[in-house]
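First comes the structure, then the notes that go with it.
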Amino acid sequence: MQQTVSIKVTPTSKSKIESVDWENLPFGKVFSDHMLVMDYKDGAWQEAEIVPFGPIEMHPAMSAIHYGQSIFEGMKANRTVDGDVVIFRPDMNAKRFIESCERMCMPTIPEDLFTELVRKLVEVEKDWIPSKEGYSLYIRPFLFATDEFIGIKPSETYRFMIFTCPVGAYYSEPVNVLIEEFYTRASEGGVGRAKVAGNYGASLFPARKGQARGYHQLLWTDGKTHSYVEESGTMNVCFVIDGKLVTPSEDSDTILRGVTKRSVVELAKHWGMPVEERKVTVAEIVEANKNGSLTEAFGAGTAATIAHIAKIGYRDTDLVLPSIESRDFSNKVHAYLDDMKAGKVEDPFGWILKV
Ligand SMILES: *Cc1c(COP(=O)(O)O)cnc(C)c1O
């Protein structure tokens, strides 16, 4: 079901690819040669273009900067051992992008078109996909309001863009997270379920307080009672308790519906592991740590894939978790997802899009 769209490509006259230190790629600081741009005006999407990567001009009254109609996505492309270029579950990102658009009164991009635009840019940038194991080409689609107007109403014009970054590992070590019981990431009826730019700006201040205490990330709890675990940074959170995969359910609109977490849940079920998607209390995590039934905890997200959680800060104590080597499920699921993207194992689920 592939949409055929004509996309004008203007190649760069001066590739930066030779200047990249491929052995030491930082996350999100190296940008490939091209970007995709597609404007919305007069009630319709205009033709998409791929142009040399570079700064964009903006009007000082551009509405996204003032009133925050700005959303994004994140996914990865990899090169398989057979030399194919693959993208992991872009249809899921396309669907979530539509949800974010709707929540923010922004025009939606049909799923097929979104996927095709991503595919096309990756095809143009395929030489930018790092070959080193665990490295990928990170893909960042985003949409923002461009009306030149001071006043609060949905913009009538928008710009959709995609750029890509060759990236290394997001976290080089297991993470320590701090249970946050005062600040709130998302509340019911809010925008926590959408990938809205402002959610991340709002998280910086509480996250900095956590970092000052030596934690990488906060483990957010629900805004009403602060007694239920929700998610962490840009990762969903999973626990293994008594041999079961336990993870906060996404029924509320306070948790971002992650593609990585969904894949972890589907794999666990596929392997016959019991899965509980439900409300998870802070109290039960503390108790399970105490009685030894909490054997694994990890964050799941595109940037890090699986990030082991070494320690969970709770008030004035630390819950110390079992050694990384002992974590059979998280290590297995991480390796399987990596192998799938590297084309080393089959894809029985249809998750891999070949470019
Ligand atoms: C992007 C994101 C995630 C992870 O989603 P993936 O689709 O797995 O990358 C989790 N939580 C938040 C808040 C996010 O922004």
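Not measured: the values here are computed from a predicted model. Indexing begins at 1, ligand by ligand and atom by atom, following the structure's order.
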* Structure fact -> re atom 2 (C) of ligand 1, the protein heavy-atom contact at minimum distance is K195 NZ, 2.6 Å
* Asked: To which protein heavy atom is atom 15 (O) of ligand 1 closest, and what is the distance rounded to 0.1 Å?
  -> Y200 OH, 2.4 Å
* Between L256 and ligand 1, which residue portion shows a heavy-atom distance shorter than 4.0 Å: side chain, backbone, both, or neither? -> side chain
* Mind running ring-ring contact (aromatic ring centres under 6.0 Å, His included) on F72 and F144 for me, showing each step along the way? => CA-CA 9 Å; F72 67 97; F144 54 96; over 10 Å; no
* Asked: How far is atom 8 (O) of ligand 1 from its nearest protein heavy atom, and which residue and atom is that?
  -> T260 OG1, 2.7 Å
* Salt bridge flag under 4.0 Å for residues K269 and E266 -> no
* Plane angle bin for F329 and F298 - parallel if under 30°, tilted between 30 and 60°, otherwise perpendicular -> tilted
* Considering only the protein, which heavy-atom contact is closest to atom 5 (O) of ligand 1, and what is its distance? -> G258 CA, 3.4 Å
* Asked: Near N236, which atoms of ligand 1 are under 4.0 Å from a heavy atom of that residue?
  -> 4 (C), 10 (C)
* Structure fact -> Closest to atom 3 (C) of ligand 1 by heavy-atom distance, out of V264, T234, T302, V196, is T234
* Structure fact -> One finds that the ligand 1 atoms under 4.0 Å from a non-hydrogen atom of G233 are 12 (C), 13 (C)
* Parallel, tilted or perpendicular, as decided by the 30° and 60° cut-offs, for the rings of F163 and F53 -> perpendicular
* Only one of E180, E230, E231 clears salt bridge (charged side-chain N to carboxylate O under 4.0 Å, His left out) with R185; which? -> E231
* Identity and distance of the protein heavy atom lying nearest atom 11 (N) of ligand 1 -> E231 OE1, 2.5 Å
* Look at the aromatic rings of Y183 and F205 and report parallel, tilted or perpendicular, splitting at 30° and 60°. => perpendicular
* Taking the non-hydrogen atoms of R96, is any one of them nearer than 4.0 angstrom to ligand 1? -> yes
* Asked: In this structure, which one of E111, E73, E102 forms a salt bridge (charged side-chain N to carboxylate O under 4.0 Å, His left out) with K95?
  -> E111
* Quick one: does G192 get within less than 4.0 Å of ligand 1, heavy atoms only? -> no
* **Pairwise distance OH(Y67) to CE(M104) - rounded to 0.5 angstrom** => 14.0 Å
* Report yes or no: does a heavy atom of R185 sit under 4.0 Å from some atom of ligand 1? => yes
